[in-house]
2 protein chains.
Amino acid sequence: MHDEPPTTGARRARIADVARAAGVSATTVSHALSNSGRVSEQTRERILRAAEDLGYRPSPRATALRSGRSRTIAVASSMSAAVAGGAARQGFYLEVAAAAAERAFDYGYALVLVPPIPDELIETLGHLSVDGLLVVEPAQDDPIVRLARRDGVPFVSIGSFPGATDAEEQIDLQSDTAAELVIDHLVRAGVRRPALIVGDRPRTSYAAIEHAYRRAADDHGWPPVVERIFEADGEDGGRQAATRLLTADPQTDAIIAWVDAFAVGAVQAATALGRTPPAVRIVTRFDGPRARASEPAVTAVRLHLPEAATAGVDELLRLLGATTQPRAPIPRPELVFRASSPDHQQQA
Amino acid sequence: MHDEPPTTGARRARIADVARAAGVSATTVSHALSNSGRVSEQTRERILRAAEDLGYRPSPRATALRSGRSRTIAVASSMSAAVAGGAARQGFYLEVAAAAAERAFDYGYALVLVPPIPDELIETLGHLSVDGLLVVEPAQDDPIVRLARRDGVPFVSIGSFPGATDAEEQIDLQSDTAAELVIDHLVRAGVRRPALIVGDRPRTSYAAIEHAYRRAADDHGWPPVVERIFEADGEDGGRQAATRLLTADPQTDAIIAWVDAFAVGAVQAATALGRTPPAVRIVTRFDGPRARASEPAVTAVRLHLPEAATAGVDELLRLLGATTQPRAPIPRPELVFRASSPDHQQQA
DNA sequence: CTGAAAGCGCTTACAG
DNA sequence: CTGAAAGCGCTTACAG
């Protein structure tokens, strides 16, 4: 757990101490402990006993320097601007981080949490000493991805992203399916004037919903209305956009707000205009704490982020040669109906 | 960001490369870069330019080994058993982690997220190479605290804990105040048979609420009813305990469930028994995602965890000699009224 | 099966 | 002001 200078009494045991206690060389201790199988069983046991007695644990710092591996990975969100707008999508990021930390730990890897940081500070990530990187839903030309590419740090994205090369591993969050689920739901519910709010950066998930939306608009004769707002504006942005939409066209009967923070703002806007959802239906993508805690709560898509994060760690550790285990599977996204847009069945 | 073997083309620059390019020794480069002030301004500039040109960033691994500091801290929750019970209190832990990661980053420190792990695995934390530790609400004799003490790893607890020594730094979450806020609220609301559910481990927060509860019971002639359940049982445990309480004494008119997961379970139990809150008032301590997303939502205490986490990082980095900045202040806890137990004012 | 030696990339007395 | 040398604690060819 540490490599402090000996503050509290007993100095931490080093490999040399174990060697001395066992009457062998440090080399042999290293071999014995790494299970390379080149040490006689008898010697090995003596060494293990000595190590145990001394409470020896190899210095992770020395191991890292020598081996070039730190057994540490990091998870970073590309939604760096989010910090300005009040932790937009934080639930998303933390849900991934928590599951990833658990899986990483199972493999004996530590997980570093990189806070959302402004693009200018991305460079300072050079301080990190990690073997690999998990990037949460990068945008096209995402600065974090650029840095990882430049430094040759293996990375895996949670969610696919525009501009990924064939060699880059992505955990598919099935954005197309999520988009279709939501659009189908609205179609079946019989809406006639749904509008769409997405963020302003090029992300796969936005492209997916916009595509599905425009196609449905074509099919059903909806006038297509797409608002693109700053991600960093979060709830405020969603509130303002929804207010604009509902004022510009009072016939608007649904808002697809594709970021949970936008949706929460949209619910507030609709309510303030006397059109409390589901009077205007509001739906979003990520079924996280925000969607659940909104009042009324927001219909959303269960993306199975923990499973995706787990698969991301599996994949990353495979890249690092730390496992040969195949990716854990990720279930298909599912719609979670809430008061902001109940299932049409139930109200029929 | 990395120290990979040169997978992708250009090898990463080392200090020797900078020295060569600037026509000086590695020693001088080190001095120039660490701003020790023993290098002539002219030489310094030449070195900085060379470093810049080569994209040089010191290897964190080498720096860590040599200096004995990794510029990394970890945050761990003592609620290790929680994992079994479905991530009880996860919201609490992650809220601390997110804020701590941000503050740590400001200081140039990375934050490692230690997932909730069973006590038997605590030993494996020896793999971590961290300079210090943040422990979230440890219990008495908490294994994580024991490990930190044994290894001499500086640590700070978020929330005070029983058995802390005078020398150990704790960030006070003002458990007494939180307890009093809740008890006062129930007293003013006129409840006559409130019951208390706490976890089975010795924690400051449980002691605080039990103390306040018993005193109020004395003062107001409530029959004191305290259920102690396994923390790891989470929502289930809360549901079962609340069911027992409400069945044993149908006059029970309030349940103080001091872990958010317990409270969510209690709400479900009360609802299932046809006594949907606030018919039975239900209140909890931590105002997190669980309390907010419950249906009805649960009255809770805003503990200002992000501020506490920030202060914890400040304090820890002070212990590590990395800052002299005083702790950030933490606001007083406040009650957040929700449907499970509205303010008595509003219903009077 | 076992060990001496080199080296991972820095920093830090120490000497000049 | 600048540099040669030692050393942080390991692992890994290599030799025996």
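Here is how names work: the chains are called A, B, and so on, in the same order as the sequence lines, proteins then strands, and each is numbered from 1.
The strand DNA chain D forms stems, runs of 3 or more Watson-Crick or G-U wobble pairs with distances below 3.5 Å, at C:1-3 with D:14-16, C:5-12 with D:5-12, C:14-16 with D:1-3.
Between the CZ atom of B:Arg12 and the P atom of C:dG9 there is a distance of 9 Å, given to the nearest Å. Here C:dG3 presents its P atom at 14 Å from CZ of A:Arg20, a figure rounded to the nearest Å. A:Ile15 places its CD1 atom 12 Å from the P atom of C:dG3, with the value rounded to the nearest Å. The distance from atom CG of A:Leu33 to atom P of D:dG9 is 16 Å, rounded to the nearest whole Å. Here C:dT11 presents its C1' atom at 18 Å from CZ of B:Arg61, a figure rounded to the nearest Å. Rounded to whole Å, the distance from CZ on B:Arg71 to P on C:dC10 is 16 Å. The distance between atom CD of A:Glu45 and atom P of C:dC1, rounded to the nearest whole Å, is 14 Å. Between the NE2 atom of A:His31 and the C1' atom of D:dA15 there is a distance of 13 Å, rounded to whole Å.
Using a 4.0 Å heavy-atom cutoff across all strands shown, B:Ser40 reaches sugar-phosphate atoms only and no base atom. Backbone-only engagement by B:Thr63 is indicated by non-hydrogen atom pairs under 4.0 Å involving sugar-phosphate atoms exclusively.
OP1 or OP2 of C:dT11 lies within a sub-4.0 Å distance of a side-chain N or O belonging to B:Ser30. OP1 or OP2 of D:dG3 has at least one side-chain nitrogen or oxygen of B:Thr28 nearer than 4.0 Å. When the side-chain nitrogen and oxygen atoms of B:Ser25 are compared with OP1 and OP2 of D:dG3, one or more of them lie within a distance under 4.0 Å. Here A:Ser59 does not reach the OP1 or OP2 of D:dC10: none of its side-chain N or O atoms lies under 4.0 Å away.
Taking a cutoff of 4.0 Å between a charged side-chain nitrogen and a carboxylate oxygen, A:Arg327 and A:Glu169 qualify as a salt bridge. Between B:Arg71 and B:Asp131 no salt bridge is recorded (no basic side-chain N to carboxylate O distance below 4.0 Å). Between A:Arg57 and A:Asp17, no side-chain nitrogen of the basic residue sits less than 4.0 Å from a carboxylate oxygen of the acidic one, so the salt-bridge criterion is not met.
In this structure, B:Glu41 places its CD atom where more than 12 heavy-atom neighbours from other residues, nucleotides or ligands lie under 6.0 Å away. By the 6.0 Å contact criterion, CD on A:Glu52 is open, its count of non-hydrogen atoms from other residues, nucleotides or ligands being 12 or less.
Residue B:Arg66 places its side chain closer to C:dC10 than to any other of C:dG7, C:dC10, D:dG3. Residue A:Thr27 has its side chain nearest to C:dG3 when only C:dG3, D:dT11, D:dT2 are considered. Here the side chain of B:Pro58 is nearest to one of D:dG3, D:dG9, C:dC10, namely C:dC10.
One side chain, B:Arg61 or A:Ser70, offers a donor N or O that lies under 3.5 Å from an acceptor on the other. The closest side-chain donor-acceptor pair between B:Ser40 and B:Thr43 falls under 3.5 angstrom.
When A:Ser157, A:Pro138, A:Ser160 are each tested for a side chain to side chain contact (heavy atoms under 4.5 Å, CB included) with A:Thr204, only one passes: A:Ser160.
Between B:Ala26 and A:Leu65, the residue anchored closer to the 5' end of DNA chain D is B:Ala26, taking for each the nucleotide with the nearest heavy atom.
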